[in-house]
Amino acid sequence: VPAGTPYSSAEVSSIELSEAEKAVFSRTGVLDRRLEPSMEAMVRYHFVKYSREKRVTMQHFLRNSLPYLNYAKAVFRSKGLPEDLAYLAYLESGYNPLAVSRSRATGLWQFIASTGKIYGLSQDWWMDERMDPYRSTHAAAEYLAHLNEIFNDWQLAVASYNGGEGAVGRAQKAASADGLSDVLKKNDKLDPSLQLREETRLYVPRFLAIVKIMRDPAALGLAALPNDAEHPQLLPVVALKARPATDLAELSRRLGMRWKEFLAYNPHFLHSISPANRQASVYVPHAKQEQAGKLLQGKAVGIGWRYYTVKKGDTIASVSKKTGIPASIIRQLNPGKFTRGLRLRLPAGAGSVPPFKPMVPSYEPEAVK
């Protein structure tokens with residue numbers, strides 16, 4: 001086992017697998033075929049840890065992934081990439097589209113703001129597409145494809161998804177290494193400024209352990225936890241387009257969906273109105289496609305809006321301060337001359353519709369470390 005890992009060779013060699021575990025562990029794909037012995041030992045260690053000690057965590061993650069996993073696999077396949085890359089979101093976020101790390105990486109695929117923008121994920125006052133489970137999956141596939149083009153090695157590409165292509169590339173060059181296993185063996189001998197941090201060193205072994213487990217969790221006695229009030233069952237969706245400034249809260253009401261339910265399907269929206277300056281993707285269950293399509297073609301106006309009448313002495317800045325709506329957003333929604341008596345349209349406050357975004361605890365993948 002490479003130096004610098006949190007366990008000893010004796011710990012790894014003492015692990016005995018059951019017959020079921022041996023069968024599951026022996027299955028391989030593009031990402032874990034012909035593992036170098038030290039890498040296989042680390043993967044084995046985490047395979048046992050997750051499938052035994054972290055069983056409930058794995059079952060929780062399985063429940064989270066039910067609406068998205070098959071979609072993610074199809075996206076990776078469509079781009080000519082190994083479908084097992086879909087399991088990376090278990091390690092990144094536990095398949096929680098609302099996951100936010102201490103460094104503000106967000107969504108299923110834990111994009112930081114700058115990388116998300118590079119791969120086309122809008123982030124502004126209106127919405128954060130890093131929390132769009134579908135668009136962010138396409139972005140993750142494009143990013144991973146880019147990383148593999150750089151390294152021509154999936155283990156190095158996956159490691160750089162966590163540690164950054166620059167840091168992994170510099171460590172590889174300094175170690176004169178062909179693959180990740182060689183980098184890990186030589187890591188503690190590199191200049192401290194070039195060494196990979198522990199999270200990155202352990203990232204690929206942890207990921208490959210999860211890959212092996214999630215290929216056939218049932219064989220290990222793992223099943224998704226039941227749905228409950230905080231984890232509702234999400235049905236297969238269809239993507240529709242909402243015109244600028246669509247009243248989402250009214251749309252959800254007319255579809256017979258509670259606002260919290262609508263947001264479970266559309267976690268990327270941050271307010272009751274869709275972006276005023278562009279179209280946006282809206283996801284609804286297949287059974288509601290026809291009804292939602294008609295509503296989106298019309299002008300459903302209702303509980304998503306509030307109104308403010310401009311008074312003497314008001315400025316856009318003062319109205320912004322009073323309402324909590326940025327001045328730029330007020331202008332987007334109310335183009336034209338700002339005059340006394342003007343009735344401004346503004347997104348509804350939390351008192352008019354249920355809270356826009358539930359408070360979500362910061363997420364770090366401690367549960368699978």
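Counting non-hydrogen atoms of other residues, nucleotides and ligands closer than 6.0 Å to NZ of Lys294 gives a total of 12 or fewer. In this structure, Arg340 places its CZ atom where only 12 or fewer heavy-atom neighbours from other residues, nucleotides or ligands lie under 6.0 Å away. In this structure, Asp228 places its CG atom where more than 12 heavy-atom neighbours from other residues, nucleotides or ligands lie under 6.0 Å away. Heavy atoms of other residues, nucleotides or ligands lying less than 6.0 angstrom from NZ of Lys321 number 12 at most.
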TODO: For Glu198 and Tyr203, run side chain to side chain donor-acceptor pair (under 3.5 Å): C-alpha distance rounded to whole Å, both residues' side-chain angles, the deciding distance at 0.1 Å, then the answer.
DONE: CA-CA 8 Å; Glu198 182 179 73; Tyr203 190 76; over 6 Å; no
Open item on the list: The test is ring pair (Phe, Tyr, Trp, His ring centres under 6.0 Å); show your working for Tyr283 and Tyr134 and say whether it passes.
Closed with: CA-CA 10 Å; Tyr283 305 107; Tyr134 307 102; 4.7 Å; yes
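Note that CG of Asp128 is 4.5 Å distant from CE of Met131, once rounded to the nearest 0.5 Å. To the nearest 0.5 angstrom, Gln110 atom CD is 10.0 Å from Leu91 atom CG. For the atom pair His231 NE2 and Asn64 CG, the distance stands at 5.5 Å (nearest 0.5 Å). To the nearest 0.5 angstrom, Gln155 atom CD is 8.5 Å from Leu184 atom CG. Separation of atoms OG (Ser274) and CG (Asp247) is listed at 9.0 Å; rounding is to 0.5 Å. Considering CD of Gln279 and NZ of Lys241, their distance stands at 6.0 Å, rounded to 0.5 Å.
Residue Tyr68 is grouped with residue Leu235 when hydrophobic side chains (ILVMFWY) are merged at heavy-atom distances under 4.5 angstrom, including chains of intermediate members. Linking ILVMFWY residues whenever their side-chain heavy atoms come closer than 4.5 Å, directly or via other members, leaves Leu225 and Leu234 in distinct clusters.
In terms of modelled atom types and a separation under 3.5 Å, the side chain of Arg55 and the main chain of Ser51 share a donor-acceptor contact. Under a 3.5 Å cut-off, the side chain of Asp153 and the backbone N or O of Gly179 do not form any donor-acceptor pair. Between the Ser320 side chain and the Ile325 main chain, a donor and an acceptor come within less than 3.5 Å of each other. Put simply, the side chain of Thr137 gets close to the backbone of Pro133: a donor and an acceptor are under 3.5 Å apart. Looking only at distances, no side-chain donor or acceptor of Asn187 sits under 3.5 Å from a matching main-chain atom of Val183. The backbone N or O of Leu342 lies less than 3.5 Å from no partner atom in the side chain of Thr339, so there is not a single donor-acceptor pair. Between the Lys186 side chain and the Ala175 main chain, a donor and an acceptor come within less than 3.5 Å of each other. Judged purely by atom type and a 3.5 angstrom limit, His268 uses its side chain to pair as donor or acceptor with the backbone of Ser281.
With no hydrogens or angles considered, no side-chain donor-acceptor pair links Tyr308 and Thr323 at under 3.5 Å. Between the side chains of Trp125 and Gln332, no donor N or O sits under 3.5 Å from an acceptor N or O. Side chain to side chain, Glu199 and Asn162 meet the donor-acceptor criterion of an N or O pair below 3.5 Å.
The ring-ring contact (aromatic ring centres under 6.0 Å, His included) contacts involving residues 140-176 comprise Tyr119-Tyr143, Tyr143-Tyr161, where partners must be two or more places apart or lie in separate chains.
A salt bridge links Arg254 with Glu250: the closest approach of a Lys/Arg side-chain nitrogen to an acidic carboxylate oxygen falls below 4.0 angstrom. Under the 4.0 Å criterion applied to side-chain N and carboxylate O atoms, Glu230 and Lys260 are assigned as salt-bridge partners.
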With a cut-off of 3.5 Å and sequence neighbours excluded, list every side-chain donor-acceptor pair involving residues 208-224.
{"residue": "Lys212", "atom": "NZ", "partner": "Phe25", "partner atom": "O", "Å": "2.7"}
{"residue": "Lys212", "atom": "NZ", "partner": "Arg27", "partner atom": "O", "Å": "3.0"}
{"residue": "Lys212", "atom": "NZ", "partner": "Asp32", "partner atom": "OD2", "Å": "2.9"}
{"residue": "Arg215", "atom": "NE", "partner": "Asp84", "partner atom": "OD2", "Å": "3.1"}
{"residue": "Arg215", "atom": "NH1", "partner": "Arg27", "partner atom": "O", "Å": "3.0"}
{"residue": "Arg215", "atom": "NH1", "partner": "Asp32", "partner atom": "OD2", "Å": "3.0"}
{"residue": "Arg215", "atom": "NH2", "partner": "Asp32", "partner atom": "OD1", "Å": "2.8"}
{"residue": "Arg215", "atom": "NH2", "partner": "Asp32", "partner atom": "OD2", "Å": "3.4"}
{"residue": "Arg215", "atom": "NH2", "partner": "Asp84", "partner atom": "OD2", "Å": "2.7"}
{"residue": "Asp216", "atom": "OD1", "partner": "Ala219", "partner atom": "N", "Å": "3.4"}

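Tested against Glu129 for a salt bridge (Lys or Arg N to Asp or Glu O under 4.0 Å), the candidates Arg278, Arg135, Lys117 yield a single pass: Arg135.
Figure legend: Arg130 and Phe111 shown without cation-pi pairing, the cationic atom not lying both under 6.0 angstrom from the six-membered ring centre and within 45 degrees of its axis.
Residues Leu296 and Arg243 form no side-chain contact, since every pair of their non-hydrogen atoms from C-beta on lies 4.5 Å or further apart. Contact check for Leu121 versus Ser136: side-chain heavy atoms found under the 4.5 Å cut-off. Side-chain contact check for Leu17 versus Arg44: some heavy-atom pair is nearer than 4.5 Å. Contact annotation: the side chain of Glu21 never approaches that of Val24 to less than 4.5 Å [non-hydrogen atoms, C-beta and beyond]. Counting only heavy atoms from C-beta outward, the side chains of His138 and Lys79 approach each other to under 4.5 Å. Between Leu194 and Lys173 the shortest side-chain heavy-atom distance does not fall below 4.5 Å. Looking at heavy atoms from C-beta onward, Leu344 lies in side-chain contact with Ile330 at the 4.5 angstrom threshold. Using a 4.5 Å heavy-atom cutoff, the side chains of Leu144 and Phe76 are in contact.
You'll find the ring centres of Phe207 and Tyr87 outside the 6.0 Å limit.
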